[in-house]
J.: 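Take this structure first; my questions come after.
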Number of protein chains: 2
Amino acid sequence: MKFSKKSEYGLRALLELCETYGGRVLQRHEIAERQNIPVEFLEQILLALKRAGLLASRRGIRGGYSLIKSPEEITLGQVIRILDGPLAPISCVSKTAYQKCSDCPYAAKPSCPLQQAMGEVRDAIANILDHYTLSRFAHNNLVEGS
Amino acid sequence: MKFSKKSEYGLRALLELCETYGGRVLQRHEIAERQNIPVEFLEQILLALKRAGLLASRRGIRGGYSLIKSPEEITLGQVIRILDGPLAPISCVSKTAYQKCSDCPYAAKPSCPLQQAMGEVRDAIANILDHYTLSRFAHNNLVEGS
DNA sequence: AAAATCTTGAGCAACTCACTAGACATCTAG
DNA sequence: CTAGATGTCTAGTGAGTTGCTCAAGATTTT
């Protein structure tokens with residue numbers, strides 16, 4: 001029950017990109033150095049976020065990455081789902097990627113004890129992460145700097 | 001962000017063991033068949049639960065496993081922590097297995113934006129799972145049968 | 001002693017994490 | 001307007017973990 005490094009790195013990278021939102025682009029090695037992330041692994045993460053429509057990139061000598069959506073529009077839940085897949089602790093309670101569990105004997109019956117408990121967990125997690133925007137996330141960061 | 005199969009199987013096995021609590025023992029193959037779990041994998045899980053003090057086992061021709069604690073005393077949180085490790089989504093917010101994140105640039109500073117969000121998630125998950133007892137869990141099961 | 005069961009350990013395939021090497025695109029210098 | 005420096009992008013590799021299997025050993029009852 002952990003988030004992957006991918007999500008953690010991805011969020012920390014976005015934190016960095018928030019600070020230059022609207023301004024200049026950031027290069028992968030800048031982000032990597034400041035956040036202590038392996039550059040090549042970070043690359044994969046940034047590309048995934050780009051394919052998902054959160055980032056834009058430019059190649060060449062003055063290339064780099066920049067946020068394409070405003071920090072208010074991006075939630076932690078979105079980011080984690082892009083990098084880590086659905087939030088649901090087991091797939092039979094996922095709202096974004098539901099999948100009937102094939103092996104469970106309760107699958108056929110109207111309700112499953114696991115589903116009820118895990119459904120509550122899912123909702124609790126989603127409630128927090130889908131209302132936590134990047135701007136609020138990054139803002140905490142700035143405040144503590146003062 | 002998923003629970004492992006280990007936890008899922010473990011909980012479903014305990015569900016089965018709740019029903020015979022105080023009565024006869026259950027053999028691994030009985031549990032495995034009813035819950036559609038690979039027998040040999042289930043074995044490892046049952047042994048882990050035994051080592052943790054939840055189950056007792058007897059070898060030999062009338063052997064099997066039985067619950068050693070009452071279903072009211074066992075919470076889903078306990079079980080998952082035994083089989084899956086700490087509940088915290090990242091280790092720097094774990095209460096049962098705290099670990100200072102070595103690579104994070106905020107580790108030194110008084111607060112980290114990730115920590116705040118993840119701490120809320122941790123609390124939400126723990127709040128649900130540490131108050132959900134096996135008896136309540138199993139009870140839902142019986143009710144839906146009627 | 002024999003049969004049924006738990007117990008232990010090693011071993012395998014698939015996935016995640018971290019990293020490497022090289023292809024491809026873009027800008028600047030000459 | 002071409003050469004090379006500086007980027008992004010793609011594919012592949014190896015360590016470590018997870019989900020699962022197999023085989024041999026230990027213990028209890030008949």
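Lettering follows sequence order; numbering is per chain, from 1. Side chains are part of it too, since the values below use all heavy atoms of this structure and drop only hydrogens, waters and symmetry mates.
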J.: Does C:dC17 have its OP1 or OP2 closer than 4.0 Å to a side-chain nitrogen or oxygen of A:Y9?
T.: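 Indeed not, no polar side-chain atom of A:Y9 lies that close.
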
J.: Closest approach to the side chain of B:K5, judged atom by atom: which nucleotide of C:dC17, D:dT6, D:dC20 is it?
T.: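 For the B:K5 side chain, the nearest candidate turns out to be D:dC20.
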
J.: Give a yes or no answer on whether the side chain of A:T20 reaches the backbone of A:G23 with a donor-acceptor pair at less than 3.5 Å.
T.: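 Judged by distance alone, no pair lies under 3.5 Å.
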
J.: Does B:S57 make a side-chain N or O approach to OP1 or OP2 of C:dT7 shorter than 4.0 Å?
T.: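 For B:S57, the contact criterion (side-chain N or O under 4.0 Å from OP1 or OP2 of C:dT7) is met.
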
J.: Expressed as a whole number of angstroms, how long is the span from B:D84:CG to D:dT18:P?
T.: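 Going from CG in B:D84 over to P in D:dT18 covers 8 Å.
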
J.: Given 3.5 Å as the limit, does a donor-acceptor pair link the side chain of B:D84 with the main chain of B:F3, or not?
T.: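 Answer holds: no.
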
J.: May I have the distance from B:K2 (atom NZ) to D:dT17 (atom P), rounded to whole angstrom?
T.: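 Computing the B:K2:NZ to D:dT17:P distance gives 21 Å.
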
J.: How many Å lie between CZ on A:F3 and P on C:dC17, as a whole number?
T.: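 Distance check: A:F3 CZ to C:dC17 P gives 13 Å.
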
J.: Contact class for B:L47 vs. all strands (heavy atom < 4.0 Å): base, sugar-phosphate, or nothing?
T.: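 Answer is base: heavy atoms of B:L47 come under 4.0 Å of a base.
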
J.: Ignoring the backbone of B:F41, work out which of D:dT8, D:dT21, C:dC6 is nearest its side chain.
T.: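 Nearest to the side-chain atoms of B:F41, counting from C-beta on, is D:dT21.
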
J.: Would you indicate what B:Q27 reaches in the nucleic acid, counting non-hydrogen atoms under 4.0 angstrom: base, sugar-phosphate, or nothing?
T.: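 Here B:Q27 touches the backbone only, sparing every base.
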
J.: Can you tell me the distance, in whole Å, between the CZ atom of B:R62 and the C1' atom of C:dA3?
T.: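 Spelled out: CZ on B:R62 to C1' on C:dA3 is 13 Å.
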
J.: Could you state the CD1-P distance from A:I90 to D:dG19, rounded to the nearest angstrom?
T.: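 Interatomic distance, CD1 of A:I90 to P of D:dG19: 13 Å.
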
J.: Kindly point out which of C:dC6, D:dC20, C:dC19 is positioned nearest to the side chain of B:R59?
T.: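 Among C:dC6, D:dC20, C:dC19, the one nearest the side chain of B:R59 is C:dC6.
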
J.: C:dA4, D:dT8, C:dT28: which one has an atom nearest the side-chain heavy atoms of A:Y65?
T.: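 Nearest nucleotide to the side chain: D:dT8.
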
J.: With no angle test and no hydrogens, is the base of D:dT21 tied to the side chain of B:Q44 by a donor-acceptor pair under 3.5 Å?
T.: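 Donor-acceptor pair under 3.5 Å: yes.
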
J.: Side chain of B:E43: nearest nucleotide among D:dC22, C:dT8, C:dT28?
T.: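 For B:E43, the side-chain atoms sit closest to C:dT8.
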
J.: Which part of the nucleic acid, if any, lies within reach of A:K50 when heavy atoms closer than 4.0 Å are counted: base, sugar-phosphate only, or nothing?
T.: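 A:K50: backbone/sugar contact only, no base atoms under 4.0 Å.
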
J.: Do any N or O atoms from the side chain of A:E8 and from the backbone of B:L114 form a donor-acceptor pair under 3.5 angstrom?
T.: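 No; judged by distance alone, with no hydrogens or angles, the pair does not exist.
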
J.: Between B:G10 and B:L49, what is the shortest heavy-atom contact and its length?
T.: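 Smallest interatomic distance, heavy atoms only, reads O-CD1, 4.5 Å.
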
J.: Is A:R24 salt-bridged to A:E30, cutoff N-O under 4.0 Å?
T.: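 The answer is yes: the pair qualifies as a salt bridge.
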
J.: Would you kindly compare B:G60 and A:R51 by the position of their nearest DNA chain D nucleotide and give the one closer to the 5′ end?
T.: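 Upstream on the strand: A:R51.
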
J.: Could you check A:R28 against B:R58 and say which one's nearest nucleotide on DNA chain D is further toward the 5' end?
T.: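 Nearer the 5' end of the strand: A:R28.
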
